[in-house]
*Asks:* 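Quick one: structure below, then a few questions.
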2 protein chains.
Amino acid sequence: MSETANVETANAGAANATRPHTGRRRNEAAHRAILDAALRLLAESDGTPVTVDAIARAAGVGKQTVYRWWPSKGAVLLDALTDRADRDVQGPDTGDLRTDLHAFITTTFDAAQRDTTASALRTVVREAARDPHLADLMRDFTATRRAALRDLLTKGRERGELAGDADLDLIADQVYGVFWYRFLLGHGALDTDTAERLADSLTRGNAAR
Amino acid sequence: MSETANVETANAGAANATRPHTGRRRNEAAHRAILDAALRLLAESDGTPVTVDAIARAAGVGKQTVYRWWPSKGAVLLDALTDRADRDVQGPDTGDLRTDLHAFITTTFDAAQRDTTASALRTVVREAARDPHLADLMRDFTATRRAALRDLLTKGRERGELAGDADLDLIADQVYGVFWYRFLLGHGALDTDTAERLADSLTRGNAAR
DNA sequence: TGGTTGTCGAGACTGCTAGTCTTGTCAAGG
DNA sequence: CCTTGACAAGACTAGCAGTCTCGACAACCA
């Protein structure tokens with residue numbers, strides 16, 4: 001039963017044209033209520049794991065309805081999170097790598113620290129540590145953003161702002177490594193200042209000689 | 001009942017001198033058997049969480065005995081791990097920052113990837129994501145190694161190999177950020193080559209101008 | 001020697017959660 | 001009106017952390 005994967009087909013009868021649909025239609029309102037409730041609980045979570053029962057109750061919905069739309073708790077949580085996250089991960093492109101990098105890093109830092117997002121993101125990561133399926137979804141999610149950063153770096157290298165043999169993957173990993181490390185441990189700031197120093201250090205450290 | 005915290009006092013009667021000891025003594029063999037069993041299960045774990053029941057059974061020990069020595073499952077796992085980990089985290093000191101940094105990073109990478117350690121470490125991190133107490137223990141554990149790295153950087157800065165206003169914490173976070181990021185996601189290598197590039201990039205990126 | 005104390009292995013038990021199954025209801029069609 | 005399938009509610013299963021109980025036994029003391 002993988003019909004839960006493409007939620008979009010449920011909004012209209014379009015995809016059902018092949019077979020004369022029978023039975024009651026899925027309730028889109030329930031779908032939204034679950035997503036909203038999940039996001040709210042994620043945001044309010046004080047570290048306590050968010051339970052499916054709690055989500056269903058908060059959404060005024062039966063637990064089975066949750067599992068009718070998503071295959072696992074993790075899928076619900078990630079969907080709730082990405083539902084709100086802007087999909088536009090277009091990196092800036094001013095023609096100056098240091099500037100673009102600074103802008104990109106700042107955007108990343110800020111996005112993760114928006115009030116509701118931060119707690120939710122932490123909770124999802126915690127869940128992903130136990131749920132391989134959710135971990136996969138997380139990897140997909142982050143890969144998109146990672147690709148945008150790679151683009152930025154590639155363009156910079158083509159302009160000669162980075163050494164021809166610069167290890168772009170390692171640079172990207174330093175950015176995301178610092179981000180996740182500080183985000184999860186919370187021992188260091190993720191502010192514009194840090195972003196600037198990081199962009200500066202990476203640009204200078206990998207410049208053409 | 002926090003007597004389980006200082007396990008060391010149980011190895012001899014020394015600490016018991018203050019009070020005329022009564023009752024049967026704790027069995028050090030059981031202690032070791034638990035640690036060994038935990039480490040074995042951690043190493044063999046294919047991602048499945050290691051249960052206390054399994055540890056106790058593998059050690060031929062009652063579950064209560066486990067909880068007599070350690071306050072939580074996480075504590076057992078971390079103890080099993082650090083028991084084997086070398087405590088000597090003395091950074092090298094050749095007088096050249098780039099060289100020292102490379103050596104330090106390589107050592108870190110290698111230590112984490114020793115056969116039994118890698119799987120065990122990953123499992124402990126997974127558990128730490130849910131268990132705040134274990135997360136604390138992990139922080140303590142990593143702080144020691146982090147301090148050694150800070151030392152290295154401070155010495156380098158004093159020698160003028162880094163800019164006076166270089167952000168040493170950020171540099172340390174770049175090292176450990178990349179390490180954990182790649183270690184946990186497994187998408188990139190943690191080899192000597194990477195260590196060299198990283199050391200080089202960090203040294204050049206934060207050199208005095 | 002016999003009493004006291006505290007550990008031992010074994011395993012029952014509680015409490016919590018993910019995920020499934022059941023039941024009775026209701027809406028959308030044929 | 002009858003079939004189909006979503007719906008809310010909630011019982012149920014299975015797995016695990018951590019606690020509690022039990023009878024056995026070891027170390028020490030009087």
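Given the structure is predicted, the values throughout are model-derived calculations rather than measurements. Protein chains get the first letters and strands the later ones, always in sequence-line order, with residue 1 at the start of each. No hydrogens, no waters, no symmetry mates; every other heavy atom, side chains included, goes into these values.
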*Asks:* Enter the distance from B/Thr123:OG1 to B/Leu78:CG here, rounded to the nearest 0.5 Å.
*Replies:*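 Interatomic distance, B/Thr123 OG1 to B/Leu78 CG, rounded to 0.5 Å: 12.5 Å.
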*Asks:* Rounding to an integer number of Å, can you tell me how far B/His31 NE2 sits from C/dT7 P?
*Replies:*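 In whole Å, C/dT7 P lies 14 Å from B/His31 NE2.
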*Asks:* To the nearest angstrom, how far is A/Arg24 atom CZ from D/dG5 atom P?
*Replies:*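 About 14 Å, once rounded to whole Å.
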*Asks:* Go through the steps for A/Asp79 and A/Trp69 under the test side chain to side chain contact (heavy atoms under 4.5 Å, CB included), then give the verdict.
*Replies:* CA-CA 11 Å; A/Asp79 206 2; A/Trp69 290 82; over 6 Å; no
*Asks:* Are the side chains of B/Phe109 and B/Ile105 in touch, meaning some heavy atoms are under 4.5 Å apart?
*Replies:*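 The answer is yes; the side chains approach within 4.5 Å.
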*Asks:* Hey, does the side chain of B/Arg68 come within less than 4.0 Å of C/dC8's phosphate (OP1/OP2), counting only N and O?
*Replies:*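 Answer is yes, contact under 4.0 Å.
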*Asks:* Atom CH2 of A/Trp69 to atom C1' of D/dC7: distance rounded to whole Å?
*Replies:*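 Those two atoms, CH2 and C1', are 12 Å apart.
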*Asks:* From CH2 of A/Trp70 over to C1' of C/dA18, roughly how many Å is that when rounded to an integer?
*Replies:*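 Rounding to the nearest Å, CH2 of A/Trp70 and C1' of C/dA18 are 16 Å apart.
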*Asks:* Could you point out which residue of B/Asp173, B/Asp169, B/Asp167 forms a salt bridge (charged side-chain N to carboxylate O under 4.0 Å, His left out) with B/Arg150?
*Replies:*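 One option only clears the test, and that one is B/Asp169.
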*Asks:* Scan nucleotides 11-23 of chain D nucleotide by nucleotide, 5' to 3', and note B when protein non-hydrogen atoms come under 4.0 Å of the base, S if they reach only the sugar-phosphate, - if neither.
*Replies:* -----SSBBB---
*Asks:* Counting C-beta onward and ignoring hydrogens, is there a side-chain heavy-atom pair between B/Asn206 and B/Thr203 closer than 4.5 Å?
*Replies:*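 No; the side chains remain at least 4.5 Å from each other.
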*Asks:* Are the side chains of A/Val175 and A/Phe179 in touch, meaning some heavy atoms are under 4.5 Å apart?
*Replies:*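 Side-chain contact under 4.5 Å: no.
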*Asks:* Whole angstroms only, please: what is the CD-C1' distance between A/Glu28 and D/dG5?
*Replies:*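 Distance, rounded to whole Å: 17 Å.
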